[in-house]
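Working notes, beginning with the structure itself.
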2 protein chains.
Amino acid sequence: MARKTGSHGDITGPKVHAAALRLIARHGFAAVSMRQIAHEVGVQAGALYRYTPDKQTLLFDLMRGHMDALLAARAAAAGGVAVFDTPLIRLDEFVRFHIRFHLERPDAVFVSYMELRNLTPENFAALEALRRDYEDQLEVILLSGAAAGEFGLTDTKITTLAIIAMLTGLTTWYREDGRLPLTQIERIYTGLVRGAVGVS
Amino acid sequence: MARKTGSHGDITGPKVHAAALRLIARHGFAAVSMRQIAHEVGVQAGALYRYTPDKQTLLFDLMRGHMDALLAARAAAAGGVAVFDTPLIRLDEFVRFHIRFHLERPDAVFVSYMELRNLTPENFAALEALRRDYEDQLEVILLSGAAAGEFGLTDTKITTLAIIAMLTGLTTWYREDGRLPLTQIERIYTGLVRGAVGVS
DNA sequence: GTCTATATTGAGATAGAC
DNA sequence: GTCTATCTCAATATAGAC
């Protein structure tokens, strides 16, 4: 089917999201103008409003898209563990999953953790619920390890949050051409996490 | 000495910093206007320029003030340790210090970690140097513990960054009226850190 | 679906009166 | 030291031509 000249909706849409993610990660939501995003896409500012009703919704869509992808990828990964896998095996797998997923999309991670303040209260609440869903998946692993007597935990909830903060912090300094290969970094972090949950 | 009416420079200056810190922590640097800050202080926008040459310098002063205070407080605390204190004792002390210092000034912590993107390159470089000075103090403790055979570390640098990320993450969820008292939280985190460095 | 043009609003910063 | 007034510029968002 021939398209009308100048009709590029199916390609422009994703480009708007990609450009917005890149720019907001670098400069922050409030510091980025719709004009800048349009320029990056290669259209005029007015054209963006075919793809989002307003700037706030654009931000929310980016952040919700990231959390949806995180939960979907996590569900797929968790579906792959065997029923007889120990809590420790599942913990290691979670650590590797978290590191891989977050390092593969640094811009989305940055935006999702830094721009919560710029969401409306309703949008903020929606994202917080998704974030809690994800945290709960680690907490379940910790609880099962504690119940089995394999982990030594003082406080499951705090340990969950502490581990996630430790792992996500990796995104602030990791460079692809850095000193260590990713597999080695994964080994170091699984070791740190094992220590934190009392597994030697 | 009687002052001229309307002359409040010695009191307005700190108020400008306090108001800016509060507002920027809540809404982000780019989202806060000089007019909002002025309103919070109780003056007109033009009056702010008696206390800062521009908005960028105001941000930098806030962030550098925080890092200066951090390093000064750390120097004071490190000066209090006895020469015969073990690496483990000094590690525990660092953890408690970091938690206390950061929880006492959540706004400054928030601004210092979130607004790095909004600094000019020169100002950014200056702050990064201060941050590295602080991280080095933990790394020195880890190195001494490893050298003494008391800590089991795979990678000192990464462990340093991982511990600091874990501890600072606390500021994102801690509430004064929360489930646990601060002393108990400190105990949990010292336990997590001990585990991460291979001390049972 | 994208453009140009524009309505409206508010930003950072400065000048000069008091 | 603070105010009022203002310059200059750029923001979000919309309207209507093509």
Side-chain angles (χ1 to χ4, degrees), chain A residues 1-24 26-63 111 115 117-120 122-123, chain B residues 1-24 26-63 111 115 117-120 122-123:
Chain A
M1 289 286 190
R3 273 184 164 280
K4 223 170 135 189
T5 306
S7 175
H8 305 293
D10 46 357
I11 179 85
T12 302
K15 279 173 77 174
V16 169
H17 274 64
L21 202 56
R22 248 180 55 90
L23 287 170
I24 294 172
R26 294 216 188 349
H27 310 292
F29 174 71
V32 171
S33 69
M34 296 298 268
R35 280 172 174 75
Q36 282 176 271
I37 297 169
H39 179 78
E40 186 99 346
V41 173
V43 296
Q44 293 299 315
L48 295 182
Y49 291 85
R50 293 276 137 193
Y51 303 94
T52 182
D54 50 42
K55 200 186 175 193
Q56 165 70 207
T57 304
L58 176 57
L59 175 63
F60 179 62
D61 285 345
L62 293 176
M63 296 173 76
V111 170
E115 305 297 349
R117 293 173 302 184
N118 288 303
L119 292 173
T120 61
E122 309 81 49
N123 287 346
Chain B
M1 288 284 189
R3 275 185 163 276
K4 224 169 134 190
T5 306
S7 176
H8 305 294
D10 47 356
I11 178 86
T12 302
K15 279 173 79 174
V16 169
H17 275 65
L21 202 57
R22 248 180 55 90
L23 287 170
I24 294 172
R26 294 219 187 348
H27 309 293
F29 174 72
V32 171
S33 69
M34 296 297 271
R35 281 169 173 79
Q36 280 176 271
I37 297 169
H39 179 78
E40 186 99 346
V41 173
V43 297
Q44 292 299 314
L48 294 183
Y49 291 85
R50 292 278 138 191
Y51 303 95
T52 182
D54 50 42
K55 200 187 175 195
Q56 164 72 208
T57 304
L58 176 57
L59 175 63
F60 179 61
D61 286 345
L62 293 176
M63 296 173 75
V111 170
E115 304 297 350
R117 294 174 302 184
N118 288 304
L119 292 173
T120 61
E122 309 80 49
N123 287 346

* Indicate yes or no for a side-chain donor-acceptor contact from A/Q56 to the backbone of A/T120 under 3.5 Å, with no hydrogens or angles considered. =>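 Indeed, once roles are kept as given, a pair shorter than 3.5 Å links the two residues.
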* Is the side chain of B/R50 donor-acceptor paired with the backbone N or O of B/G13 at a distance under 3.5 Å, no angle test? ->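 Pair absent, no side-chain N/O of B/R50 close to backbone of B/G13.
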* Presence of donor-acceptor pair under 3.5 Å, side chain of B/R35 and base of C/dG10 ->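 Answer is no: no donor-acceptor pair is held.
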* Which is true for B/V32 with a 4.0 Å heavy-atom rule: it touches a base, it touches only sugar-phosphate, or it touches nothing? ->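 The answer is sugar-phosphate, as B/V32 gets under 4.0 Å only of primed atoms, P, OP1 or OP2.
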For [X] and [N], what is the distance between atoms [atom1] and [atom2] respectively, to the nearest whole Å?
X	N	atom1	atom2	result
B/H39	C/dA11	NE2	C1'	17 Å
B/I37	C/dA13	CD1	P	11 Å
B/L58	C/dG12	CG	P	11 Å
B/I11	D/dT2	CD1	P	11 Å
A/Y49	D/dT14	OH	P	7 Å
A/L48	C/dT2	CG	P	10 Å
A/K15	C/dG1	NZ	C1'	13 Å
B/K55	D/dC9	NZ	C1'	15 Å

* Between A/E115 and A/K55, is a salt bridge (charged side-chain N to carboxylate O under 4.0 Å, His left out) present by the stated rule, with each step listed? -> CA-CA 13 Å; A/E115 305 297 349; A/K55 200 186 175 193; over 6 Å; no
* Asked: For DNA chain D, whose closest nucleotide is more 5', that of A/R50 or that of A/M34?
  ->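 Checking each residue's closest nucleotide, the 5'-ward one belongs to A/M34.
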* Is it the case that B/K15 places NZ or CZ above or below the six-membered ring of B/Y51, under 6.0 angstrom from the centre and within 45 degrees of the axis? ->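 Checked: cation-pi criterion not met.
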Can you see if the side chain of [X] gets near the phosphate of [N] - specifically, an N or O under 4.0 Å from OP1 or OP2?
X	N	result
A/S33	D/dA11	yes
B/Q44	D/dT4	yes
B/Y51	D/dT2	yes
A/T12	C/dT2	yes

* **Partner set under salt bridge (Lys or Arg N to Asp or Glu O under 4.0 Å) for B/D61, not counting sequence neighbours** =>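 Expected list: B/R64.
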